[in-house]
Each structure stands twice: as structure tokens, then as C-alpha cells.
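Before any comments, here is the structure.
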Amino acid sequence: MLGGAADAALRRAGRLAAGWVRSSPDDLAALGRSVAVVREAAAEAGRDPAALRIVCRGPVRVRAAGLPDRAPLTGSVEEIRGDFARLAGQGVTELFLDLNFDPEVTGPDADPARSMERALAALEAFAPRG
């Protein structure tokens with residue numbers, strides 16, 4: 001697995017690696033373009049683009065539903081679950097939910113006990129079902 005955001009890094013992941021890992025701070029709206037670059041480079045190298053793993057490390061922020069200008073993976077549990085399908089539609093094969101970028105969980109003023117409660121609630125809410 002290789003990471004990187006520059007086109008050269010994306011193409012290298014497609015040519016050489018088992019897949020690509022997206023960085024948490026990257027814009028999720030631009031993810032599909034990056035996946036396309038990785039898969040195109042794989043095809044040009046004679047590799048099967050569908051065999052590549054595309055891992056998205058996504059910053060999650062559980063909040064109230066219906067926020068205006070809601071970013072992907074931000075909002076209610078139901079809204080965030082809906083984002084899973086949209087990410088899969090952009091080519092993501094695996095999703096790593098990352099709470100480290102939520103200031104309410106990891107910020108300097110965050111209460112450690114409350115942060116642990118929020119993290120455990122997110123784990124329960126997003127755990128695979130069935």
C-alpha cells in the first residue's frame with residue numbers, strides 16, 4: 001500500500017502497489033479523481049485496476065442531522081452511513097473512520113472522559129452489522 005496526494009504518487013501507487021491509502025486531511029469530494037488516476041496507472045502498467053485496494057482514512061465528526069453545507073462523514077450517524085455508499089461509488093474499497101480530527105474528541109479543551117464516551121458510541125454506531 002502506498003499513500004500520497006500528488007499525481008506522481010497516485011500513479012506510482014497504481015503501477016507498483018497493492019493499493020492506495022488516502023490521507024485524512026484530503027478533500028473527500030476530490031477522491032474519485034484520485035482513484036481514477038491510481039486505476040489508470042495500474043491499467044497502463046498492465047495490472048488489473050479492479051484488484052487494487054483503495055483505503056480511505058476519513059475524518060468523522062458525529063453531529064446533529066441536517067447541518068447546512070454538511071461535509072462528507074460529518075453529521076448524524078445515518079447521514080454518515082449514507083456517505084459510505086457515496087465513497088464506495090468513488091472507488092473506495094475500505095474505509096477507516098478516524099476520530100482524530102474531531103476537535104470535540106481530541107481538541108485541547110476536550111474532556112477525556114467525554115471523548116472516550118463519544119469514541120465508544122461511534123464504534124458501536126458504525127460497527128459492521130450482521
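Model, not experiment: these values are computed from the prediction.
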- request: Would you confirm whether Glu79, through its side chain, and Gly66, through its main-chain N or O, come within 3.5 Å as a donor-acceptor pair?
  value: yes

Nearest atoms (heavy-atom pairs only) where Ala17 meets Leu2: CB-CG, 3.8 Å

- request: Let me see the working for Leu28 and Leu87 under side-chain contact (heavy atoms from CB on, under 4.5 Å), right down to the final yes or no.
  value: CA-CA 8 Å; Leu28 288 173; Leu87 292 170; 4.0 Å; yes

field: Audit row: Ile54, Val38, side-chain contact (heavy atoms from CB on, under 4.5 Å) steps and yes/no
entry: CA-CA 9 Å; Ile54 305 294; Val38 172; 4.2 Å; yes

- prompt: Can you check whether Pro49's main-chain N or O pairs, donor with acceptor, with Arg39's side chain at less than 3.5 Å?
  reply: yes

- prompt: With a cut-off of 6.0 Å (strictly less than), are more than 12 heavy atoms of other residues, nucleotides or ligands near CZ of Arg81?
  reply: yes

Set of residues satisfying salt bridge (charged side-chain N to carboxylate O under 4.0 Å, His left out) with respect to Arg118, sequence neighbours excluded: Asp102, Glu104

- prompt: Taking the side chain from Gln90 and the backbone from Gly32, do they hold a donor-acceptor pair closer than 3.5 Å?
  reply: yes

- prompt: Going through the checks in order, is the side-chain contact (heavy atoms from CB on, under 4.5 Å) test met by Arg61 and Val105?
  reply: CA-CA 9 Å; Arg61 293 176 182 88; Val105 176; over 6 Å; no

message: Tell me the closest heavy-atom pair linking Val35 and Gly91, and the distance in Å.
response: CG1-CA, 4.1 Å

CZ on Phe101 to CZ on Arg57, rounded to 0.5 Å: 5.5 Å

- prompt: Hey, are Arg33 and Asp7 close enough for a salt bridge, meaning a charged N less than 4.0 Å from a carboxylate O?
  reply: yes

field: CZ-OG distance between Arg22 and Ser34, expressed to the nearest 0.5 angstrom
entry: 8.5 Å

field: Distance in Å, Thr74 OG1 paired with Arg70 CZ, rounded so as to fall on 0.5 Å steps
entry: 7.5 Å

- request: State, with a plain yes or no, whether a side-chain heavy atom of Arg53 is found less than 4.5 Å away from one of Val21.
  value: no

task: Begin from the C-alpha positions of Val62 and Phe126 and carry the test side-chain contact (heavy atoms from CB on, under 4.5 Å) through to its verdict.
output: CA-CA 11 Å; Val62 179; Phe126 297 116; 4.0 Å; yes

query: Could you give the distance from CD1 (Ile80) to CG (Leu97), rounded to the nearest 0.5 Å?
result: 8.0 Å

field: Heavy-atom pair of closest approach, residues Ala122 and Leu99
entry: CB-CD1, 4.2 Å

Any donor-acceptor N/O pair, Arg12 side chain to Leu16 backbone, under 3.5 Å: no

task: Considering only NZ, NE, NH1 and NH2 on the basic side and carboxylate oxygens on the acidic side, decide whether Glu44 and Arg11 come within less than 4.0 Å.
output: yes

Separation between CG of Leu73 and SG of Cys56, rounded to the nearest 0.5 Å: 6.5 Å

- prompt: Got a donor-acceptor contact below 3.5 angstrom from the Thr106 side chain to the Asn100 backbone?
  reply: yes

task: Check the hydrophobic clustering (I, L, V, M, F, W, Y; side-chain heavy atoms under 4.5 Å; chains of links allowed) and say if Val60 and Val77 are grouped together.
output: yes

- prompt: Does CE belonging to Met1 count more than 12 external heavy atoms closer than 6.0 Å?
  reply: yes

task: Identify, with sequence neighbours excluded, every residue that meets salt bridge (charged side-chain N to carboxylate O under 4.0 Å, His left out) alongside Arg86.
output: Asp83

query: Counting distance only, does the side-chain N/O of Trp20 pair as donor-acceptor with the main-chain N or O of Ala9 below 3.5 Å?
result: no

